[in-house]
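The structure appears below as structure tokens.
These numbers come from a predicted model, not from an experiment. Numbering of ligands and ligand atoms starts at 1, following listing order.
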Amino acid sequence: MFKKILIANRGEIALRVIRAAREMGIESVAVHSTADSDAMHVRMADESVCIGPPSSQQSYLSIPSIIAACEITGAEAIHPGYGFLSENAGFVQIIEDHGLTFIGPTAAHIRIMGDKITAKDTMKELGVPCVPGSDGGVATLEDAKRIGEEVGYPVIIKATAGGGGKGMKVAQTAADMERAFMTARAEGKSNFGNDEVYIEKYLTTPRHIEIQVFGDGKGRAVHLGERDCSLQRRHQKVFEEAPGPSITESERARIGKVCADAMANINYIGAGTIEFLYENGEFYFIEMNTRLQVEHPVTEGIFDVDLVREQIRVASGMDMSFTQENLKINGHAIEVRINAEKLPNFSPCPGKITQYHAPGGLGVRMDSALYDGYSIPPYYDSLIGKLIVHGRDRPEALARLKRALGELIVDGVDTTIPLFHALLEEKDVLTGDYNIHWLEHWLETNLGDA
Ligand code: MV4
């Protein structure tokens, strides 16, 4: 096992990793920008290294600075958290070239899943059900129109290098194809330097269901059920839960096994998430994320596992501490993302926290790097906390969420807390009857959010 690891991240996820390391008897090294000298992850780690000025580009994304911080402190492995360098295959290669260990998948797996066409080809080959559409890339408008007719409109054109909804255009009819195809290509080119696109049948009212997988890199892999992350605004998730309210035990077992077998087959190592659209009882693969995700705590809640501890174990060559047979779901968990944002438009709202009080009690977990007097810098993501609740069933988790939100105090900046108070009054949220468009419709109707 490692004696010391470096966390190439900030905020709540840096604390999350430091905590797991400490419980394992591993020393932690924080890195930080000059804007984060007073940040909680710097205080909580055993050691810290300043790696650059405020801009992410010159600090949390600066590979030479992070490698140098490892060499200075003697850290043997790097945990990337999520975002920043977590899905950067070049970073993984450089880490390995320096004789260090990346706590995450191989550069090859990151590369495969980072290119959406290659990811889909690979998953299809492994027996994972995919959205019907083009086999691979579509180079010309003629081909695009032919595939549109074959698949049937509406279709969606997606940039192979895309993500976060960029480079994605719906064509409602054949007449719409030229505009959609050209725009998707142009967005792929300008955002990612890659104009290759592919085409899928457009599913109109799906849920976003993602399967948590975990591999040991030696041919063993398990699944830890699904999360329903359908409540999103502009591709930013705001409310996530596990298990999915619409997923039956037999569906979970079936799609879970397909995913676990696929990961075993490719010797996947560490945590991963296989994203599906779910409509009319069918799962359709869209993408795979080769990292620990923001919403991983809901899965930890219902399976009573520490996913970060498992990531560190397998990265050091140990086995996972669970098997598929001893992974059993207990109850229901919900996470809400507390962002420093002003409603109704969710505009970022950095500033000084004049008072912070975290909720507590049975079944409540607050993952946050906030403290009284902390100043949220304007340079990074607006996520300032995650409130995760667990109950014996969904109604109990919802009641606990409402109770815990009532205890939570974040003064000094605007936050998304009022949104959750309002959502917990909605029948569709209480019954779990929502899809990927529900929240944007609700925001338009109730807050006038464009
Ligand atoms: C789709 C889709 C409908 N049909 N693909 C959005 C981000 C990217 N990860 C995939 N996305 C979608 N792909 C087909 N074939 C609808 C979306 C989509 C979406 C997916 C998940 C959660 C929220 C969403 C919001 C809008 C569109």
For ligand 1, output the ligand-protein N/O contacts shorter than 3.5 angstrom; if there are none, return none.
| residue | atom | partner | partner atom | Å |
| --- | --- | --- | --- | --- |
| ligand 1 | 4 (N) | Leu203 | N | 3.0 |
| ligand 1 | 5 (N) | Lys158 | NZ | 2.9 |
| ligand 1 | 9 (N) | Glu287 | OE2 | 2.9 |
| ligand 1 | 13 (N) | Lys158 | NZ | 3.1 |
| ligand 1 | 15 (N) | Glu200 | OE1 | 2.9 |
| ligand 1 | 15 (N) | Lys201 | O | 2.8 |

Worksheet entry | Polar side-chain atom of Glu178 near backbone of Leu141 as donor-acceptor pair, under 3.5 Å | no
Response to the item:
Those residues at least two apart in sequence (or on a different chain) that pass ring pair (Phe, Tyr, Trp, His ring centres under 6.0 Å) with Tyr60 are Phe84, Tyr380
Practice prompt. Look at Lys166 together with Glu187 and state whether they make a salt bridge at an N to O cut-off of under 4.0 Å.
Written response: no
Item to complete: Mind checking salt bridge (Lys or Arg N to Asp or Glu O under 4.0 Å) for Glu12 and listing every partner two or more places apart, or none if nothing turns up?
Response: Lys386
Worksheet item: Given Trp438, which of Thr205, Leu443, Asp428 fulfils the side-chain contact (heavy atoms from CB on, under 4.5 Å) condition?
Response: Asp428
Item to complete: Give every residue pair that meets the side-chain hydrogen bond (donor to acceptor under 3.5 Å, both in side chains) criterion with at least one member in residues 121-130, sequence neighbours excluded.
Response: Lys124-Asp135
